Amino acid sequence: MSQTASGSAGRSVRTRPDGSGRALSEVYDTALLDLDGVVYAGGRAIAHAVESLGTAREGGMHLAYVTNNALRTPDAVAEHLTELGIATEGSDVITSAQAAARLVSEQVPQGARVLVIGGEGLRVALRERGLEPVESADDEPVAVVQGYGGPDMAWGRFAEACYAIARGVPWFASNTDLTIPSARGIAPGNGAAVEVVRIATGAEPTVAGKPLPPMHRETILRTGAKRPLVVGDRLDTDIEGAFNGEVDSLLVLTGVTDAAQLLAARPEHRPTYVDADLRGMLAGQPDVTPVDGGFGCGGWTAAVRGGALVLDGDGAATDGLRALCAAAWTDAGDGVCELDADKALSRLDL
């Protein structure tokens, strides 16, 4: 049963993670998986990802990989996943480039020229929708679409976008993630590049990627999912995207979100389920239940005392975190939990 309460805007506010008596891979027909921080990190498979995904697929769950990175084509992403040991077809990969191309195609004539500020992923997606990618504002484009172009994209590409936008051409962006992980650390993402064009032109783009509805629509159209589960590591894209699409979500702790951020999550950033890694797809999820002024999960009890979150008991670290989520989210309601959680979290090996 969904653990929610009524919110001020009429939409339910999640106050604790849900439980499930069956494995999530049996409850949901399709997993909509983020890639970086969930399936791989720095190009290498995350621990337990290959085996977990293989088992879920063998059990009948459809696996789809959903990424805001518009640089690579679906076929290139599928090839990478297959090399990691996760058998994948290009049709299993959905990118923000595809969502952006659909948006453009719905607003311009078939065969129209579109100025591309980005990489091959955008060009392939536009051609798939019957549009002609061009490279210059002087090629008379009827739209501009901007996506991540990689670390070597020339500064002059932003100038081309500005020239076209100044002539009244509509501007689309695949996504607005400010950063992107790289092997050497955190690098500027497409959102940073979008800001350059926004500041120079004063214009606002139409955005396709997570967490906005066009990306969710693209994913459902391409997968045919009837009961999807979004699986991700980021609260502001994966989990918020699931919230906006009104579908369930699983947060895994293998990427950018840490336990403290999860406890302080706004309502739209609170996942349905929480687990350590993708093995969580193959198991049921323990119930979090009210107990004596707090919340229990496994061998743990979490409560609010003296202006802080407190945690008593022992057991699996993820159970302790689930109990703390219930205490924090219930206290916060439709706001953000500002209680001190340091001492409670120090008891968990996360």
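This one's a predicted model, so the numbers in the text were calculated from it and none came from an experiment.
Sorted by first then second residue, the side-chain hydrogen bond (donor to acceptor under 3.5 Å, both in side chains) pairs that include residues 241-251, not counting sequence neighbours, are Y28-D248.
The side chain to side chain donor-acceptor pair (under 3.5 Å) check on R57 picks up nothing, with sequence neighbours excluded. By the salt bridge (Lys or Arg N to Asp or Glu O under 4.0 Å) test, E240 is found to be paired with no residue, residues two or more places apart in sequence or in another chain being considered. Among residues two or more places apart in sequence or in another chain, the side chain to side chain contact (heavy atoms under 4.5 Å, CB included) test is passed with T301 by V291.
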Check residues 306-324 and write down every donor-acceptor pair under 3.5 Å in which the side-chain atom is one partner and the other belongs to a residue at least two apart or another chain.
from : atom 1 : to   : atom 2 : distance (Å)
D312 : OD2    : R305 : NH2    : 3.4
D319 : OD1    : R322 : NH1    : 2.6
R322 : NE     : V274 : O      : 3.1
R322 : NH2    : V274 : O      : 2.8
R322 : NH2    : D275 : OD2    : 3.2
R322 : NH2    : Q285 : OE1    : 3.2

Task: Steps toward side chain to side chain contact (heavy atoms under 4.5 Å, CB included) verdict (R157, L115) - done: CA-CA 10 Å; R157 302 306 301 151; L115 175 61; 4.0 Å; yes
Open item on the list: For a side chain to side chain contact (heavy atoms under 4.5 Å, CB included) check, start with the C-alpha distance between L221 and R102, then their side-chain angles and the critical distance, and finish with the verdict.
Closed with: CA-CA 11 Å; L221 287 172; R102 188 183 296 272; 3.8 Å; yes
Open item on the list: Set out, in order, the CA-CA distance, both residues' side-chain angles and the distance that settles side chain to side chain contact (heavy atoms under 4.5 Å, CB included) for V13 and R270, then state yes or no.
Closed with: CA-CA 9 Å; V13 174; R270 297 172 188 170; 3.4 Å; yes
Task: Verdict with reasoning, I117 to M153, per side chain to side chain contact (heavy atoms under 4.5 Å, CB included) - done: CA-CA 9 Å; I117 310 299; M153 189 163 73; 4.3 Å; yes
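Residues V50 and V38 fall within the same hydrophobic cluster, defined by Ile, Leu, Val, Met, Phe, Trp and Tyr side chains chained together at heavy-atom separations under 4.5 Å.
Here the rule is side chain to side chain contact (heavy atoms under 4.5 Å, CB included) with V66, and of V230, T223, L32 only L32 fits it.
Proximity of V144 to E160: side-chain heavy atoms (C-beta onward) are nowhere separated by under 4.5 Å. Counting heavy atoms from C-beta outward, H48 and V252 have side chains that stay 4.5 Å or more apart. Side-chain contact between Q98 and P74 is present, with heavy atoms from C-beta onward closer than 4.5 Å.
Pairing each heavy atom of Y273 with each of D18, the nearest pair is CD2-O, 3.5 Å. In this structure, L131 and P109 approach most closely via the heavy-atom pair CD2-O, 3.6 Å.
Taking a 6.0 Å sphere around OH of Y163, one finds it holds 12 or fewer heavy atoms contributed by other residues, nucleotides or ligands.
The NE2 atom of H80 sits 9.0 Å away from the CG atom of L35 when rounded to the nearest 0.5 Å. The CG atom of L251 sits 10.5 Å away from atom CG of D34, with the distance rounded to the nearest 0.5 Å.
The hydrophobic cluster analysis finds I199 isolated: no Ile, Leu, Val, Met, Phe, Trp or Tyr side chain comes under 4.5 Å of it, directly or through other members.
Not a single donor-acceptor pair under 3.5 Å links the side chain of D287 to the backbone N or O of T289.
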